[in-house]
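Excluded from the calculations below are hydrogen atoms, water molecules and symmetry mates; all remaining heavy atoms, backbone and side chain alike, are included. Below, chain A is the first sequence line, B the second, and so on; all start at residue 1. Model, not experiment: these values are computed from the prediction.
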Protein chains: 4
Amino acid sequence: MSARRAQISPWAPFEDRRRARDEKKHAVLRMAARLFLDVGYHRATLNDVATRLNITKPALYNYFRSKEDILEECYRLGQQMVDEAIAAIDAEGGDGLTRLRKLIRAYAQLMTIDFGMCLVRLDDRELSEEAYRRVRAEKRQDDLAFRRYIEAGAADGSIVACDAKLAAFAIAGSLNWIGHWYRADGAYSADQIADHFANLLTTGLEAKSARARSPSGKNAQKTSTEPGNRSRKISP
Amino acid sequence: MSARRAQISPWAPFEDRRRARDEKKHAVLRMAARLFLDVGYHRATLNDVATRLNITKPALYNYFRSKEDILEECYRLGQQMVDEAIAAIDAEGGDGLTRLRKLIRAYAQLMTIDFGMCLVRLDDRELSEEAYRRVRAEKRQDDLAFRRYIEAGAADGSIVACDAKLAAFAIAGSLNWIGHWYRADGAYSADQIADHFANLLTTGLEAKSARARSPSGKNAQKTSTEPGNRSRKISP
Amino acid sequence: MSARRAQISPWAPFEDRRRARDEKKHAVLRMAARLFLDVGYHRATLNDVATRLNITKPALYNYFRSKEDILEECYRLGQQMVDEAIAAIDAEGGDGLTRLRKLIRAYAQLMTIDFGMCLVRLDDRELSEEAYRRVRAEKRQDDLAFRRYIEAGAADGSIVACDAKLAAFAIAGSLNWIGHWYRADGAYSADQIADHFANLLTTGLEAKSARARSPSGKNAQKTSTEPGNRSRKISP
Amino acid sequence: MSARRAQISPWAPFEDRRRARDEKKHAVLRMAARLFLDVGYHRATLNDVATRLNITKPALYNYFRSKEDILEECYRLGQQMVDEAIAAIDAEGGDGLTRLRKLIRAYAQLMTIDFGMCLVRLDDRELSEEAYRRVRAEKRQDDLAFRRYIEAGAADGSIVACDAKLAAFAIAGSLNWIGHWYRADGAYSADQIADHFANLLTTGLEAKSARARSPSGKNAQKTSTEPGNRSRKISP
DNA sequence: GATGAATGAGCCTTCATTCAT
DNA sequence: TATGAATGAAGGCTCATTCAT
């Protein structure tokens, strides 16, 4: 088989190997993230991580330079998803309220997966000075995205005038908190939470005229499938 | 002075000594809390704590049985303040919305002081099994207080019908997050933050009739001093 | 007794404690130096050092910050003795040949004790960048002392004209080598070696007139006791 | 080329292969020696060695059984050159002083090349018990060669009576030290150093009659090229 | 009450070496 | 022959905790 594949592409074996390596690396990351979240970064030993992957501790060093390097990657993966969400929302356009709701929904969803949780539950002070600064800067960017949308909404009339900074903090806080209480086997699915929070956190911000203008338009672009009128389910 | 008191009562010196001891114990707690918050529980060594108090590490063991014991006390002090706030609010009565706003205001203020921050920024899994369970239970009670007020508000018509559990999570999340971003030398005072958030987090929940019913009554019992109509300041 | 001593000097206990500490620290250094020399720096583990001192590994960290710190101290102690020897010789004065012989004798003796051996048998690249530079600079100073005396001798006529740099290397090399082959239970005492080398390494350098000038003066200030005419014993 | 040779002799490719292998093996040795000297045996990892050769670590095991095996070979190559020098000198004959000077010159030259330096700068205790004993025995033989020549010189009148053992130590020490301070880009060439030391280290040993007997004969067989009268260059 | 000293437990990391491919 | 991956062994270091003084 490998002979046949070699005819198709002499690079296939290379690719295979690289992919296998990347997959293993990712498996380490997933396990590490799980453990970091479950017991905390400090109490999660590399031995734990390795043992649960059926390898030995030094084997981890084939993929990462240090424990902190693993942590850094966890942050990177989580942050990357946030970045992509923001970039997509920015690309799609729409008024401030619409974009804010999209971001809330996307961010809420991220808070229900491990790498997203890592962003808000792990202590970034464990990172090296350099990585710490990078992560902090990225987090600030995320917060600024919320603020940007609020301010845009205030400008385009979709959101009432308010202190954008505090409002962004309030929203981000609500969302980050999801990473602490969400359980995959809990009462709410990630989608449900995302929808609920998109409503919950923007009802107070909606400009009255906006409500008049687009009574249901606010839901026009939401990605999640939802049966019937959500506003009846989560009324505030 | 203590010499005079000694003549009056042989017990006084004993009292003095006990008070001095309590003061020292409290000083340790304050310093430990600061350090735990500043660098993280694990990275804050007892040596650090002791050195900053101009004593030596073993001296700490005169006041606490272990590092974890110190952590436990930090939680206890923080939790006690929350409990007292809730108890006071419950004692005062009022409709759901009013009580909710009071709690938000009180909780927000707590998030700006060290022991309050400890509640939400330190990792309670460092605690012993027993303390962990206690702390978790208490945190659940706090959350239930939010939920109770929301449900009460829904029942008494001051708050719109909504998913009380999620709404409580959203509010608690916003407030807990204060403990992460608040800076004593920042742009907002604790009072300002408390007021802003009390508004921000309830505007979406206010039943329309409620607004009509008690345009300013909601602020009747608030503790913070505020000039004029707050709703003009924080409009959303 | 401690009560009596306290009357004599309330600081005595303090002094005692400090002395005890210094003694222990020195004991660690001696043992570490021995071990470093015996098996090499890398193969000498801190466990070895500690065990031979009937303590445990972490106890060493009461006296030193790291293994490298211990190594650094070994160098420092050895270097200090060399410095003192040079300083004393410089203070005493004398012509170049006389001073050179004194230095040879002193340096040879140092090569027979542990901390002296450390200077030439341990690898200074194990040191931190900073300590490495310091040690290197000091070694250069030592070498320059040899060179200075040779040049002084050439100037004052006690030593024949020669390439001082190479001559200093040759002498230093001979002496350093002692640190490698000397055995306390060997055929030669440190004194004997020192005397032999003082002669051996300077016979070729003696200016002929010098021999005439001071047939025995060169030995006038030597510290070692030697019976009769050394030049008959070690004739070259 | 290898194709043509293959027609001539079926063994040639085999030879080619063996030679290629030997060349690679030698390349490994050279690089390893360099690295061992540069950073020390312990701090030079096999990864370093391999990387600098553009191969990978396990590839080294095609040529050597272990890291220690590499070290052993370094010693062997260095020792072999010393042995050959001694054998050649013994074969050529001459009086003690002449042979001593030849050995000094040859040994000094060896101290300026890597494998020679390995002999005196690496720690032979890293070797296995067996190799260690062998290396030690060989080093003793080298030292005995110095001693032999000195004693022969004393017997044949070319060298003054002296303690041959110590004199040999002194000379060997001077020479070994070259391995520590020599720099290829330094002020002295290997030849210059060899010449200087041959004079420097024997001037004190020359029997007075010897100088009279053979004013220039001592240089008759020297291998290094030297313009004019060396004794003028290095006068001591 | 406070201190210096010591300890035990534990973790990250390195590296020579092996093995399947 | 060469490689990527994995391992076992070991060492340095940290820190909460205890104990004699």
Rounding to an integer number of Å, can you tell me how far [X] [atom1] sits from [N] [atom2]?
X	N	atom1	atom2	value
D:Lys25	F:dT1	NZ	P	12 Å
D:Phe64	F:dT1	CZ	C1'	15 Å
A:Ile55	F:dG4	CD1	C1'	14 Å
B:Leu127	F:dA16	CG	C1'	16 Å
A:Asp48	E:dG10	CG	C1'	12 Å
C:Leu60	F:dC15	CG	C1'	16 Å
A:Glu126	E:dC11	CD	C1'	14 Å
A:Leu53	F:dA5	CG	P	15 Å

*asked:* For D:Phe64, run the side chain to side chain contact (heavy atoms under 4.5 Å, CB included) check against D:Asp69, D:Leu46, D:Leu71 and tell me which one passes.
replied: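 Among D:Asp69, D:Leu46, D:Leu71, the one that satisfies the side chain to side chain contact (heavy atoms under 4.5 Å, CB included) with D:Phe64 is D:Asp69.
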*Taking for each residue the nucleotide of DNA chain E bearing the nearest heavy atom, is the 5' side occupied by B:Asn54 or by C:Ala59?*
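Looking at DNA chain E, the more 5' nearest nucleotide goes with B:Asn54.
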*Starting at the 5' end of nucleotides 14-21 of chain E, put B wherever the base has a protein heavy atom under 4.0 Å, S where only the sugar-phosphate does, and a dash everywhere else.*
BBBBBB--
*Return the stems involving DNA chain F, sorted by first number, where pairs are Watson-Crick (N1-N3 with N6-O4 or O6-N4) or G-U wobble (N1-O2 and O6-N3), both under 3.5 Å, and runs are 3 or more long.*
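When the pairs of DNA chain F are grouped into runs of at least three, the stems are E:2-21 with F:2-21.
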*Give me the ring orientation class for D:Phe36 and D:Tyr41: parallel if the planes are under 30° apart, tilted from 30 to 60°, perpendicular past 60°.*
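Perpendicular: the ring planes of D:Phe36 and D:Tyr41 meet at over 60°.
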*Which residue pairs satisfy the side-chain hydrogen bond (donor to acceptor under 3.5 Å, both in side chains) criterion with at least one member in residues 28-40 of chain D, sequence neighbours excluded?*
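Found D:Arg34-D:Asp38, D:Arg34-D:Asp114.
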*Assign B:Tyr63 to base, sugar-phosphate, or nothing according to its heavy-atom contacts below 4.0 angstrom with the strands shown.*
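Sugar-phosphate only.
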*What residues form a side-chain hydrogen bond (donor to acceptor under 3.5 Å, both in side chains) with A:Arg134, not counting sequence neighbours?*
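Expected list: A:Glu72, A:Glu138.
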*With sequence neighbours excluded, tell me which residues meet side-chain hydrogen bond (donor to acceptor under 3.5 Å, both in side chains) with C:Gln79.*
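For C:Gln79 the side-chain hydrogen bond (donor to acceptor under 3.5 Å, both in side chains) partners, ignoring immediate neighbours, are C:Asp83, C:Asp142.
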_Testing the basics here: between C:Val49 and C:Leu35, what is the closest heavy-atom pair and its distance to 0.1 Å?_
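Closest approach of C:Val49 to C:Leu35, heavy atoms only: N-CD2, 3.7 Å.
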_Within residues 40-61 of chain D or reaching into it, pairs that qualify as salt bridge (Lys or Arg N to Asp or Glu O under 4.0 Å) - sequence neighbours excluded_ =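 Counting only pairs at least two positions apart or across chains, the salt bridge (Lys or Arg N to Asp or Glu O under 4.0 Å) contacts touching residues 40-61 of chain D are C:Glu126-D:Arg43.
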*Shortest side-chain distance from C:Lys24, nucleotide among F:dT3, F:dA2, E:dA5*: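 Given the options F:dT3, F:dA2, E:dA5, the side chain of C:Lys24 is closest to E:dA5.
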*Steps toward side chain to side chain contact (heavy atoms under 4.5 Å, CB included) verdict (B:Cys74, B:Phe115)*: CA-CA 6 Å; B:Cys74 288; B:Phe115 294 118; 4.2 Å; yes
*Below 4.0 angstrom from OP1 or OP2 of F:dA5, is there any side-chain N or O of A:Asn62?*
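No, A:Asn62 has no side-chain N/O under 4.0 Å of OP1/OP2 on F:dA5.
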*Counting only side-chain N and O atoms of A:Arg21, is one of them less than 4.0 Å from OP1 or OP2 of F:dA5?*
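For F:dA5, OP1 or OP2 has a side-chain N or O of A:Arg21 closer than 4.0 Å.
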_CA sep, side-chain torsions, deciding dist, call: C:His26, C:Leu77, side chain to side chain contact (heavy atoms under 4.5 Å, CB included)_ = CA-CA 10 Å; C:His26 209 81; C:Leu77 286 183; 3.7 Å; yes
